[in-house]
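Have a look at the structure below, then the notes.
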Amino acid sequence: MDKLIVNLSEYIRNAYYSMPVFTNADDRVVSGAYGALFKIINSARNENAELIEIVFPADMSDNSSTNNNALADQTVLLTDSIREAIGEAVTDMESGFSFSVNDNVLNALSDKLAALSPTGQVKAAPSFNLSMRSTSDLGEVDELFRKASDCGPGDKNNYVAFYILTDTVNKDDTKYKEILGMSVCFNENEAIYIPVENFITADYLGKKLSELSNSVSLVTFDIKESYRVFTPFEVSDRDYGYSCKGEHTEDYKSKPRCFDDLIAAYLVNPNKNDYEVSDVAKEYLGLSLEKKIDLFGKKSIREADDKSVVQYACKCAFVCFKAEPLICKKLEKLQMLDLFYNIEMPLSYVLYSMEKEGIIARRDELKAYGDKLQIRISELEKSIYEAAGVEFNINSPKQLGEILFERLGLPAEKKTKSGYSTAADVLEKLAPDYPIVADILEYRGLAKLKSTYADGLAAYIEEDGRIHTSFNQTITATGRISSTEPNLQNIPMRTELGRLIRKVFVPKEDHVFADADYSQIELRILAHMSEDQELIAAYHEGKDIHGITASKVFHVPFEEVTPLQRRNAKAVNFGIVYGISSFGLSQDLSISVKEAKEYMDKYFETYPGVKAYQERVIADAKEKGYSLTMFGRRRPIPELKASNYMMRQFGERVAMNAPIQGTAADIMKIAMINVYFRLKKEKLVSKLILQIHDELVIETLKDEEEKVTALLTQEMERAADLSVPLLAECHSGTDWYEAK
DNA sequence: ATGGTCACG
DNA sequence: ACGTACGTGACCATC
């Protein structure tokens, strides 16, 4: 029997990337599904297939599918179409399905193909019809900016797109970004590249941009990087305050504003990581643009030939120019303009400012800390080698597994794909009985502190004695920001030894740290969004929410709650926020799944509104295909439509968690903007320098300490209006350890 | 490049 | 019978 095996993901990817993007009458992109279905029908006919087997290979059934939401959406669309066409005649399999082929089926599929035809718009033909050139002539550049400034409100093209071309340079062990030039585009016929050379410095271009921003909206890609060159008028002129209440969608074009295509594209689809200009070009314009890496490779752009540099930069500005109205319209349709213009865009400047400020890290202290660790690490190494009877690489999970579970014959729990699991939770069970395991655990902990923190952080201390992290605004699926090179959002806290690292982070002279964190912001958001009266009442009752929960769940007076009951209640509270599963809870508490389930049942009896809320958000997300935060941030959840059970379960947990984690992120962002602009407006010199999800750190001038701590706490607490109090606690200290 | 491990909220 | 808490990033070994 002839069987046609269809790798659906591959079919769709090939189709999507090999033809112009087009939409159906509902404005939904259908080109990927159309192309793939066309090929399936053709192949089935040509090969006289009697059976078609649709498979979703690995990249469909793991999280990477969410990396490209456009493709995931095509997959959903096509899967639905096929299932509808073949009706009940489906045999479900582990990661796909199959069906037998006959003329009726082929005809039904052909009908579906017709339904996917481009009844809507075929997007712009894939070519750059664009005059691209460069100029280094000062007079010509001045004239260019003068012309650009004519694009004022009322003009048809009332905005100017620019793109700043940078190159990462490695010099003396330090990486930095060099500005090579800037391209400008304000009509669809031409783009001009201005290299940084001679009289035309990056500063000069920045001044021109600042001036321009006074009268004209500017569009770019990755505006946070552009702030290194210029400060837009809207930032210097910004009125203090973002009101989270009664905000209505205004005419965002009535005054000049900056627009970042990257941030906008991220808001439309936060599941995709590594957005590049080329992705925006493809998704919104149907244009093929080379990726930076493909065009210039790993070597410096300086060494590339001039023509391709000019063309690349010009095309980027052109893409920014052409994509803006489309992404903006999309945001409007999704009711995300408020989130975009009032939260994300101003936030990008706050993040830039925090990166620029950085934080002092004392190199000598870090070195001393590392040396102290090394002494103990060496002792442990020796002791481990002795117990093992052989020297080996303790850092290698492979070697370690072989030593422990084969050579020494310890009872193994096989877990990972490639061999024995040596993860902490496995080793902890063995540690009481085997001294070598206890030593390994201690070694692991110390080695982590040494490599990632003691040595790792030292490498990032710059000439000003400070570490300047990158805060990334367009990475996470939930709306949180992330921190890289180095990550300052995972500095040790939970163990005392690790926590001591925080002593190397100190404020500059005459300053202290003010450090404020939200008290259980996610659980409070759950109370608000679920409208569970018991949970809301619990928060009005008092501070110890875990104790109160324990009291209610276990039916004992609050005063008689045992530490164990409180600990269990706390774990359930956390679990609820994550989108609980009885298995997950049982793992966390080291109890049986049955007991975990009992806890959950009791919890839901106590807080019935929470259960109803979770069911509601799941049903909602299933129907709409995405989840929503209080401030309108969306997270598409294609996993909810997956054929694989595990994937669907994951989708449900995401549907429960994303609105809560995402709303917390929204609220923190509002607080950051208001803290930043209020510091500025009140002419305080203290500077916001770190954000760790529910915590803000301000490097505070001692004379301003009282004002700043009050301001910080106040702005955090009033960033949102919930039906429970929103509390922030602030501490001061002469280092980060002390301020926490 | 990928997987295992572990640091944080 | 499956194999599981949500969201990140860095380092190391191994392929």
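Computed from a prediction, not measured in an experiment: that's the story for all the values here. Labels below follow one simple rule: chain letters A, B, ... track the order of the sequence lines, proteins then strands, and each chain is numbered from 1.
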Lys NZ or Arg CZ of A:K272 over A:Y275 ring: under 6.0 Å, within 45°: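 Yes; both conditions hold, so A:K272 lies above the ring face of A:Y275.
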CA sep, side-chain torsions, deciding dist, call: A:K611, A:E615, salt bridge (charged side-chain N to carboxylate O under 4.0 Å, His left out): CA-CA 6 Å; A:K611 187 165 179 65; A:E615 285 165 357; 3.8 Å; yes
Heavy atoms only, 4.0 Å cut-off, all strands: where does [X] land among base, sugar-phosphate and nothing?
X: A:A424; answer: sugar-phosphate
X: A:Q399; answer: sugar-phosphate
X: A:A655; answer: nothing
X: A:A664; answer: nothing
X: A:D588; answer: base
X: A:N490; answer: base
X: A:S581; answer: base
X: A:N393; answer: sugar-phosphate
X: A:L585; answer: base
X: A:Q661; answer: base
X: A:S582; answer: nothing
X: A:L449; answer: nothing
X: A:I580; answer: base
X: A:G575; answer: base

Polar pair under 3.5 Å, donor/acceptor by atom type, side chain A:R494, base B:dG9: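 Looking at the base of B:dG9, it does pair with a donor or acceptor on the side chain of A:R494 (distance under 3.5 Å).
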Looking at [X], does any N or O in its side chain come under 4.0 Å of the phosphate oxygens OP1/OP2 on [N]?
X: A:T422; N: B:dT5; value: yes
X: A:T484; N: C:dT8; value: no
X: A:R653; N: C:dA5; value: no
X: A:R480; N: B:dG9; value: no
X: A:T452; N: B:dA7; value: no

P spacing across the pair C:dG3 / B:dG4, given as an integer number of angstrom: 14 Å
P spacing across the pair C:dT4 / B:dG3, given as an integer number of angstrom: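 C:dT4 and B:dG3 have their P atoms separated by 14 Å.
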Nearest whole angstrom, please: distance from the [atom2] of [N] to the [atom1] of [X].
X: A:N487; N: C:dT8; atom1: CG; atom2: P; value: 12 Å
X: A:M646; N: C:dA5; atom1: CE; atom2: P; value: 8 Å
X: A:E485; N: C:dT8; atom1: CD; atom2: P; value: 18 Å
X: A:E428; N: B:dT5; atom1: CD; atom2: C1'; value: 13 Å

In this structure, are over 12 heavy atoms from other groups packed under 6.0 Å from [X] atom [atom1]?
X: A:K367; atom1: NZ; value: no
X: A:Y369; atom1: OH; value: yes
X: A:K503; atom1: NZ; value: yes

Ring center gap for A:Y599 and A:Y603 short of 6.0 angstrom: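 No; A:Y603 has its ring centre 6.0 Å or more from that of A:Y599.
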Closest nucleotide among C:dG9, B:dT5, B:dG9 to the A:I475 side chain: C:dG9
